[in-house]
Amino acid sequence: MVHSRGEEFLQVFKKGAEFTQDLLRENERLRFRLLELENGQLSGEAAPASELNKLSERIADLEREKQEILDRIKQVEEENQDFAARYIEIEDENNNLANLYIASYQLHSTLDFKEVLQIITEIIINLIGAEEFAILLLDEKSDELQAVSTEGVDRSEIPVVRLGKGIIGGVAQSGESHFAADCDAYERDFNAPMVCIPLKIKEHVIGVLAIYKLLMQKKEFAAVDYELFTLLAGHAATAIFSSRLYSDSERKLSTIQGFIDLLTK
Amino acid sequence: MSDYNVLIVEDSPTMRQLIAFALKRIRGVRIVEANDGVDGLKKLSSERFDLILTDINMPIMDGLKLVSLVRNDANYKAIPIVVITTEGAQEDRERALALGANDYITKPIQPTKILDVAKGLLRIV
C-alpha cells in the first residue's frame, strides 16, 4: 500500500516534472518566437521609416526648389513683358523722332515760299492726319490774318481775322495753341477751328495753322501729334519767314540790278 | 546685291522719305522711288521688284490705275502691292483690294504698320 502510494506519488511527480519541462520548453519557444517577432518587427519598419523620412525631406526640398523656379520664371516673364513694353515704347519714340526729323528736314529743304507751304500741307495731311485746314499769315501792317494756303476747303471760305479777335486772332495774339475740348463733338466753324496753332519765331507770331476736320480714320490726337504741332509752330514759321525773306530779297535784287543796268547802259 | 527691291510710288517727297525710313529697318532692302504711276511703271520695267507701295491720289496716273495695270501684266502680276492713302472709307479699301492690292494702309503714316505689312508680304519672319 505504501509502495503503491509511493509509486503513485512518483508517477505524479514525474508527470509534474514532465509538465514543468514542457512548460519551460514552451516558454522558451514562445520567448524565442516573441524575440523573433520583435526583431522582425524592428527590421521590417525601421528601414522604411528612415527612408521615408529622407524621401519626405527630399520631396520638401524639391517642392521648395520647384516653387523657387516658378517664382523666378514668373519674375523673368514679368521682366520680359517690361522689356517688350519698353521696346515698343522705344520703337514708337524712334519712329516719332524720325517723323519729326524728316518733317523738319523737309521744311528747311527749300527757300521757295510755295514749296514751303506745300511741305507744311503734306506734313499736316500725312503725319497729323488732317483733312480740312488752313494756313493763315499775319499782315503786320493791317494786323489781320489771311489764309495763304488751304486743304479740303476753298480759300475764300476762310475769313480774314483781326489780331486778337476770336479764337484765331486770340491764338495769334497770345501765342498759345488752342484745342477743342471734344474733337468728336466738334462742328466745323471757320472762326473757331478744332485746333489752332501759332506759327512763331521765338515769341514773334507770324501766322496760325487752323485745323477744321481730321481724316475719318483719325479719331483723336496722339502724344506725337502735340510734338508735331510744337515742331510746326517753330520750324514751319522759320521756313515760311526765310522763304518770304528770300523771295523779297530776290525781288529787290532784281529791281536793283535793273536800275544798275539802266544807269550803266 | 540687295535681298529685296521695293518700289515706292508717291508724289510727296516727304511721304517717300517717311516710307523709305520705315522700310530701311529691313535688312538687305533696296528702295527705288517713283513720283507717280507712269514713273512707277517705267521703273518696274527696268528691274525686278519684290514689293510695291503706292499712294492713290497722284498726278498723271493714280495708284488704283497702277494697281490695275500691274495686276493685268503677266510680268508683274505676282508682285505684292500695298496701297497707302488718306482715303479711309471701307468702299475705297474694298475697291483697291478688288483691283488686286494685297493690303491697304491709311494715313496718317505709321512706320511700324508699314514695316509689319511689308515684312509679311516679303515673308520675313
Side-chain angles (χ1 to χ4, degrees), chain A residues 84 87-110 112 115-133 151-152 211 213-229 231-232 235-236 239, chain B residues 8-27 29 31 33-36 53-59 62-63 82-97 101 103-119 124:
Chain A
Y87 178 79
I88 290 168
E89 209 176 291
I90 289 170
E91 267 291 293
D92 284 346
E93 232 164 80
N94 190 18
N95 288 329
N96 293 341
L97 280 172
N99 285 356
L100 294 175
Y101 166 76
I102 292 167
S104 159
Y105 177 84
Q106 288 292 332
L107 275 172
H108 297 291
S109 64
T110 178
D112 184 283
E115 268 185 50
V116 169
L117 290 179
Q118 183 57 36
I119 291 165
I120 296 172
T121 302
E122 283 176 9
I123 291 169
I124 298 167
I125 297 171
N126 296 314
L127 289 181
I128 291 174
E131 191 175 341
E132 292 177 0
F133 56 89
E151 181 69 28
I211 296 176
K213 189 182 173 189
L214 300 177
L215 292 170
M216 64 183 296
Q217 61 271 23
K218 176 88 177 182
K219 302 293 177 201
E220 57 187 2
F221 291 117
V224 68
D225 294 328
Y226 296 103
E227 286 177 46
L228 266 169
F229 286 136
L231 174 122
L232 275 176
H235 288 252
Chain B
I8 300 172
V9 188
E10 164 68 68
D11 59 326
S12 155
T14 311
M15 268 301 290
R16 288 203 300 268
Q17 212 174 346
L18 286 164
I19 298 169
F21 172 79
L23 295 174
K24 277 176 186 166
R25 310 278 180 86
I26 298 171
R27 194 185 292 261
V29 76
I31 290 158
E33 297 180 12
N35 296 316
D36 54 63
L53 291 105
T54 181
D55 185 17
I56 289 185
N57 301 316
M58 290 181 291
D62 70 25
V82 181
V83 170
I84 303 177
T85 178
T86 51
E87 314 299 328
Q90 186 60 25
E91 56 265 31
D92 293 317
R93 182 187 185 88
E94 283 165 7
R95 198 170 153 221
L97 296 177
D103 214 323
Y104 191 91
I105 298 174
T106 51
K107 294 175 187 176
I109 192 165
Q110 292 167 293
T112 325
K113 173 82 179 162
I114 291 174
L115 184 64
D116 288 348
V117 169
K119 276 183 166 180
I124 299 169

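All chains are named by letter (A, B, ...) in the order of the sequence lines, taking the proteins before the strands, and each is independently numbered beginning at 1.
Using a 4.5 Å cut-off between heavy atoms, Y101(A) does not touch chain B at all. Contact of A22(B) with chain A is not made at all, since no heavy-atom distance falls under 4.5 Å. Within the 4.5 angstrom heavy-atom criterion, only side-chain atoms of D92(A), from C-beta onward, approach chain B.
A donor-acceptor contact closer than 3.5 angstrom links the side chains of T112(B) and N95(A).
The structure places CD of Q110(B) at 10.0 Å from CG of N96(A), a figure rounded to the nearest 0.5 Å. A distance of 5.0 Å separates CZ of F21(B) from CG of N94(A), quoted to the nearest 0.5 Å.
Between M216(A) and G88(B), the shortest heavy-atom contact is SD-C, 3.6 Å. Shortest non-hydrogen contact noted between T14(B) and E122(A) is OG1-OE1, 3.0 Å.
No side-chain heavy atom of I128(A) sits under 4.5 Å from any side-chain heavy atom of P108(B). Contact check for I125(A) versus T86(B): side-chain heavy atoms found under the 4.5 Å cut-off. Taking the side chain as every heavy atom from C-beta outward, N126(A) and S12(B) approach each other to under 4.5 Å.
Annotation: salt bridge (Lys or Arg N to Asp or Glu O under 4.0 Å) contacts involving residues 17-26 of chain B, sequence neighbours excluded, comprise E91(A)-R25(B).
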